[in-house]
Structure formats: structure tokens, C-alpha cells
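See below for the structure under consideration.
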There are 2 protein chains.
Amino acid sequence: MTAMRLFQEKGYESTSVADILKAAGANSGSLYHFFHTKQDLLLEVLRRYRDGIAPMLLEPAWRGIADPIARVFALLARYREALVASECSYGCPIGNLALELHEPDPPVRQAIATNFDGWVDAIERCYIDASARLPATTDRRALAVFTLSIMEGGVMQARTQRRIEDFDRSVAMLRDFVALLERQAKEQRGTT
Amino acid sequence: MTAMRLFQEKGYESTSVADILKAAGANSGSLYHFFHTKQDLLLEVLRRYRDGIAPMLLEPAWRGIADPIARVFALLARYREALVASECSYGCPIGNLALELHEPDPPVRQAIATNFDGWVDAIERCYIDASARLPATTDRRALAVFTLSIMEGGVMQARTQRRIEDFDRSVAMLRDFVALLERQAKEQRGTT
DNA sequence: GTCTATAACCCGATAGAC
DNA sequence: GTCTATCGGGTTATAGAC
């Protein structure tokens with residue numbers, strides 16, 4: 001879908017319907033036959049992102065990686081690659097939309113939220129799969145939400161500063177935190 | 001400045017010059033006498049945010065709080081208050097602009113980056129002031145960048161989900177991390 | 001410096017032939 | 001289902017009187 005690429009490159013508001021038609025080599029009548037409004041097109045794009053989380057994002061990132069904690073950092077490494085490949089101008093398309101649309105219509109906001117949920121669900125599963133290595137008191141869901149915060153915040157800073165180091169610094173601190181949690185879990189297992 | 005409020009509420013692209021003129025009770029000619037373009041107005045708004053970090057943000061947040069680590073969380077609590085007061089629709093105005101403008105003109109991108117620098121500088125100073133309680137190997141600058149990532153990512157999720165819990169979860173995990181770092185530093189002091 | 005009027009352009013969406 | 005032409009309105013910015 002051409003609209004998917006343009007929304008990612010230029011944002012939703014800044015991409016005109018004429019831009020999409022020109023890039024896709026289509027005509028106004030055809031597009032409006034399938035999508036009643038530009039917002040309908042956006043909703044379809046968000047559905048595709050949601051459906052693509054597992055096959056397009058997680059599966060390639062996790063190929064050959066079984067360790068659940070390693071999987072978390074393998075996914076973050078994917079975002080790093082995209083940042084570096086675009087000289088720090090690529091951003092998470094969902095995060096862009098989340099902050100670009102200030103008062104989105106309810107279905108749009110819900111569709112963005114669903115994308116976040118899918119991402120957090122996948123990471124939460126990693127932490128649950130690694131449960132034996134984490135302290136019993138650590139909330140796995142909260143840790144997954146935290147991980148998404150770091151990814152989005154790291155991408156935001158790296159893009160703004162045109163500097164991959166800000167993303168790396170954020171991920172490095174998460175790595176330290178997880179290492180400390182694993183050490184704490186080990187101690188607790190030893191003392192009980 | 002009226003433009004400041006509207007850019008925050010509706011975003012930059014979605015706020016028309018006519019909106020600003022109407023809200024401010026001014027006329028087109030007057031505004032363009034002081035600002036040659038809408039982007040000039042944005043740059044002035046970003047300058048005001050930058051100059052306001054200390055007097056408008058840090059000083060009120062830190063009044064009566066001397067402990068440097070407590071200051072970090074007092075600042076984060078300010079963003080929480082703003083989120084709650086707006087039913088999770090307020091966001092960090094700088095973060096909004098950072099992701100709304102996909103390929104900003106260089107001076108705009110630089111002005112946003114300068115705002116982030118000012119925020120990170122202030123938090124880095126907190127961690128430096130708390131140096132005795134942190135492990136010697138922990139990079140204070142990286143920890144400050146990490147803290148901004150968590151704030152921005154937490155705000156993004158809370159806004160999208162219309163749920164303060166996602167912000168709280170992110171901050172709670174940072175709290176756990178800092179507590180673990182303080183414990184680690186204590187151990188290191190004890191063993192040397 | 002502030003006013004009104006408007007230029008010049010771009011937007012999303014539609015109409016109606018084929 | 002796809003085409004071309006266009007509507008009606010909103011956009012930033014300017015012109016020129018006061």
C-alpha cells in the first residue's frame with residue numbers, strides 16, 4: 001500500500017490525497033470507491049500494521065533467537081537498524097501517529113492503542129517466558145510498558161538529535177536494569 | 001502567547017494562522033508585522049519553552065525539594081499532574097512537535113533538540129549531585145537521556161490509551177531501577 | 001502598527017460520463 | 001470500477017488604506 005509508505009515518510013496530515021494518487025498512479029474516483037474518506041484509509045493502514053506485528057516485525061527479528069530476554073533486545077535492535085539506515089530520520093510509524101493526531105476521532109485513537117497493545121503483549125510474553133530469571137515481585141506487564149516507553153522515547157530523541165547515541169543510551173540502561181533484576185532474582189532464589 | 005497554547009492544544013499543522021488571530025483578537029497584518037512566517041512564530045514559541053524550562057518547570061517542581069533523586073521524580077510527577085488534569089489528553093508540547101514535524105526545517109529541528117538538551121542537562125545535574133549514591137560505572141548522561149525517554153514514552157502511551165497507569169508503570173520501573181543502582185553503589189562502597 | 005480585503009494556492013471529496 | 005473535471009472551502013501570506 002502506497003499510503004502506508006507516505007504516511008510513514010511524511011506523516012498523515014502532510015500527505016495529501018493527491019500525493020497518494022500520484023505516487024500510486026491511480027485516480028481520485030478509484031480511491032474514493034474503496035475508501036469513503038482519507039480517515040478510512042488511515043484506519044486500513046493501522047489495521048495492516050496491527051496484523052503485521054507478528055509476521056513482519058517479530059518473526060524476522062526473532063529468527064534463530066530462542067532466549068526471551070534476548071528477543072526483547074533483538075526487537076529493539078530492529079528499530080535501531082531502521083534508524084541508522086535512514087540517518088536517524090525514520091521513526092516508529094505508530095508513535096508518530098500517536099503524537100501527530102492531537103484529538104483523534106475515537107476509532108483512530110483506538111486503532112493506535114491496539115497497535116501498542118499488540119507490541120506490549122509480545123514483549124510481556126517474553127518477560128513471562130523469562131519468569132524464572134526475574135524477581136517474583138516484578139510486574140511483567142509494567143516492564144513491557146516500560147520497554148515500549150524506552151523504545152519510543154529513544155527513537156524520538158535519536159530522530160530529533162539526528163544521533164543514534166540517544167537511542168543506544170536508552171537501550172543500554174534498560175540492559176543494565178534487566179541485568180540487575182536477573183541478579184536480584186538469583187539472590188532471592190539462593191536465600192529461600 | 002496565544003500561539004503557544006494553541007500549538008500545544010491542537011498541534012502546529014492543525015492550528016491555522018486564522019485560529020491564532022481569532023483566539024488572540026488580533027488581525028493578520030499585525031501578526032505578520034512581527035513574524036514574517038508561521039514558522040517564525042513556531043521558533044519564537046520554542047525559544048520561550050527553552051527559556052522557561054528553569055523558571056516555569058524546574059523551579060515550581062523542585063520548590064522545597066533538595067534531594068537530587070527526589071527532584072527527578074518530582075519533575076516526572078509534574079507531567080503526571082498535567083496528564084491527569086487533562087484526562088490524559090495533554091502531552092509534552094516538545095515531544096508532540098518532535099514527532100509531528102517529520103522533516104522539519106533545520107532551525108526548527110535544532111530548536112526542538114535544544115529544548116531536549118535543556119531538560120536532559122537539568123536531570124543529568126541531579127544524577128551528578130547524587131553521584132555518591134550511584135555506582136561509579138553508571139553513565140550519568142545516559143541515565144538522564146534514559147529518563148527523558150521514559151517520560152516521553154510514558155506520556156505517549158498514557159495519552160493514546162487514555163490511561164494514566166501506563167505512565168505510572170513506566171515511572172515505577174524507573175524508580176525500581178534507581179533503587180537497585182543505589183543498592184549496588186552501597187555494596188561497592190562496602191567492599192572497597 | 002493596525003486595519004480590511006484579497007491574492008494565489010491546496011485541500012478533501014464529489015459528479016457524472018464511460 | 002475507473003476516468004476527468006470541478007466544487008466549495010480553507011490555507012498562508014500580502015497589499016494598501018488609515
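Keep in mind that what you see is a predicted model, and the values were worked out from it rather than measured. Below, read A as the first sequence line, B as the second, and so on, with proteins coming before strands; counting in each chain starts at 1.
- Put simply, CG on A:Leu21 is 13 Å from C1' on C:dT14, counting in whole angstrom units.
- Residue pairs that meet the side chain to side chain donor-acceptor pair (under 3.5 Å) test with at least one member in residues 92-103 of chain A, sequence neighbours left out, are A:Asn96-A:Arg159.
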Could you list the donor-acceptor pairs under 3.5 angstrom formed by side chains in residues 27-34 of chain A, with sequence neighbours left out?
none

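- Checked against side-chain contact (heavy atoms from CB on, under 4.5 Å), B:Gln161 has the following partners two or more places apart in sequence or in another chain: A:Ala113, A:Phe116, A:Asp117, B:Arg163, B:Asp166.
- Distance, A:His33 NE2 to D:dT2 P: 7 Å, rounded to whole Å.
- In this view, A:Pro93 and A:Gln8, A:Tyr49, A:Tyr90 satisfy the side-chain contact (heavy atoms from CB on, under 4.5 Å) rule, not counting sequence neighbours.
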Next item on the list: Let me have a per-nucleotide readout for nucleotides 3-18 of chain D, 5' to 3', with B, S or -, counting only protein heavy atoms under 4.0 Å.
Entry: BB------SSBB----
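- B:Arg78 pairs by the side-chain contact (heavy atoms from CB on, under 4.5 Å) definition with B:Pro60, B:Ala61, not counting sequence neighbours.
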